[in-house]
There are 2 protein chains.
Amino acid sequence: MATPATADRILNIAERLAQTQGFNGFSYADIAKELRITKATLHYHFPSKAELGRRLLERYHRSFVAALQDIDRTADGAAVKLERYVALYAAVLAKHRMCLCGMLAAELTTLPKPMREGVRAFFLANEAWVARVLDDGVRQGILRVTGSTPAAAARLVASLEGAMILARSFGDVGRFEAASHAMLAELVAT
Amino acid sequence: MATPATADRILNIAERLAQTQGFNGFSYADIAKELRITKATLHYHFPSKAELGRRLLERYHRSFVAALQDIDRTADGAAVKLERYVALYAAVLAKHRMCLCGMLAAELTTLPKPMREGVRAFFLANEAWVARVLDDGVRQGILRVTGSTPAAAARLVASLEGAMILARSFGDVGRFEAASHAMLAELVAT
DNA sequence: GTCTATAGGTGGATAGAC
DNA sequence: GTCTATCCACCTATAGAC
């Protein structure tokens, strides 16, 4: 593995800062200091913070979709897929981070418009994937869903984001795990 | 009703701004402009922004507790109490606002320590109240809870916060209502 | 690509007059 | 209690040398 290109190293730091302190909670100076380059160099790679945010969101969305495709490829059965999906969230929390889009959703009104749209697109992609898994599970008699699957998917995504933000507030990943396991248990057919 | 004291008018504006843009998303200048006073006057009433935040949280917590006591006094039955509880959230969303503490939870790492503790105290108070209502409901055979009532209460509070933040992201209160109704339906004994 | 230097703006906060 | 005036730190962003 070669050393990541400068642009990627910048995004790595920006991503971590955005997931812990929010997009408005870090500055070019923070990234520059950590990478030991100057702010001017940052502006060479990302002319404006709005552009940095847009690219950050784009990369995050892409890697999340890739993770979902990996689950589709390697996991067998709707219940296992949902467990793997929840594990993606837990892994982020274990790094003391929030879901980037859960974080950005809180700051939504202060974000540049392309980012606002990116956040919504991320949630819609999540809901669509979960809804498809729920559909499969119901069809196979593995899962039991109350109401429509798109509504149940939206509920699960929102509940996971909420569980994440509360768990992080208490510095207690166990809170997330307890909540998410209960949510999945509700979905498994008895 | 007399005109609210200046300190209260300041808190009213700060509260709305914090609920829509976050605590780091507004400045003394924003409040000063809207109230048509100077920043120096603001500093007379609230010497520092940290102090303003602390007082804001204190007042918010107090008024929320009062709302819960009002529900206890005027609502009959655990199911009705939960509906009234959820309606408190919906009313905030209808004003295009987030729960103050849901907002602050996202920014938690950037907040002064007294505020961080205040946010956790707010959530704990919410969970305690909900857990007590769930206990009552289960004892009366009105509600059906999976797992312990404190865990179910934590799950409900977190899920409502998540549903709120997602609904606001899409500018769609209906999303919150659909999610919260489904959550309550899960709790009502069949 | 990375630097120095700096512009132009805004952040929270204070001194002191009224 | 409210004002004017000001401080200093920090913000995003740009010009221009290397």
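Values in this document were obtained by computation on a predicted structure and should not be read as measured data. Sequence lines set the chain letters: A, B, ... in the order given, protein chains first and strands last, and positions in each chain run from 1.
- Separating the CZ atom of A:R9 from the P atom of C:dG1 is a distance of 12 Å, rounded to the nearest angstrom.
- The nucleotide whose nearest atom lies closest to any side-chain atom of A:Y28 is, among D:dG1, D:dT12, C:dG1, D:dT12.
- One interatomic measurement links the two molecules: CG of A:L42 to C1' of C:dT2, which rounds to 11 Å at whole-angstrom precision.
- Nearest nucleotide to the side chain of B:S27, out of C:dT2, C:dG12, C:dT4: C:dG12.
- Evaluated for a side chain to side chain donor-acceptor pair (under 3.5 Å) with A:Q19, the options A:H96, A:R97, A:R168 yield exactly one hit, A:R97.
- As a whole-Å value, the separation of A:L35 CG from C:dG1 P is 15 Å.
- A straight line from CZ of B:F23 to C1' of C:dG12 spans 11 Å, rounded to a whole angstrom.
- Atom C1' of nucleotide D:dC3 and atom CZ of B:R36 are separated by 17 Å, given to the nearest angstrom.
- OP1 and OP2 of C:dT14 both lie 4.0 Å or more from every side-chain N or O belonging to B:S48.
- Comparing C:dA15, D:dA13, C:dG12 against the side chain of B:K49 picks out C:dG12 as the nearest.
- Using a cutoff of 4.0 Å between basic side-chain nitrogens and carboxylate oxygens, A:K81 and A:D76 are not scored as salt-bridged.
- Here D:dC3 is the nucleotide among D:dT2, D:dC3, D:dA15 with the atom lying nearest to any side-chain atom of B:T38.
- When the side-chain nitrogen and oxygen atoms of B:Y44 are compared with OP1 and OP2 of D:dT2, none of them lie within a distance under 4.0 Å.
- In the set C:dC3, C:dG11, C:dG1, the nucleotide with an atom closest to the side chain of A:T41 is C:dC3.
- The CD-P distance, from B:E51 to C:dT14, rounds to 12 Å in whole Å.
- With sequence neighbours excluded, no residue forms a side-chain hydrogen bond (donor to acceptor under 3.5 Å, both in side chains) with A:S148.
- Checking D:dT2, C:dT14, D:dT12 against every side-chain atom of A:K39, the shortest atom distance belongs to D:dT12.
- In this structure, A:F170 and B:F123 have tilted ring planes: the angle between them lies in the 30° to 60° band.
- Under the 30°/60° scheme for interplanar angles, the aromatic rings of A:Y89 and A:F64 are found to stand perpendicular.
- Distances were taken from every side-chain heavy atom of B:A40 (C-beta onward) to each of D:dA5, C:dT2, D:dA15; the shortest belongs to D:dA5.
- At the phosphate of D:dT2, OP1 or OP2 sits under 4.0 Å from a side-chain N or O atom of B:H45.
- For A:Q21 and D:dC10, the CD to P distance is 15 Å, given to the nearest whole Å.
- A:F46 comes within 4.0 angstrom of nothing in the nucleic acid, heavy atoms only.
- Distance NE2 (A:H43) to P (D:dA13): 5 Å, rounded to an integer number of Å.
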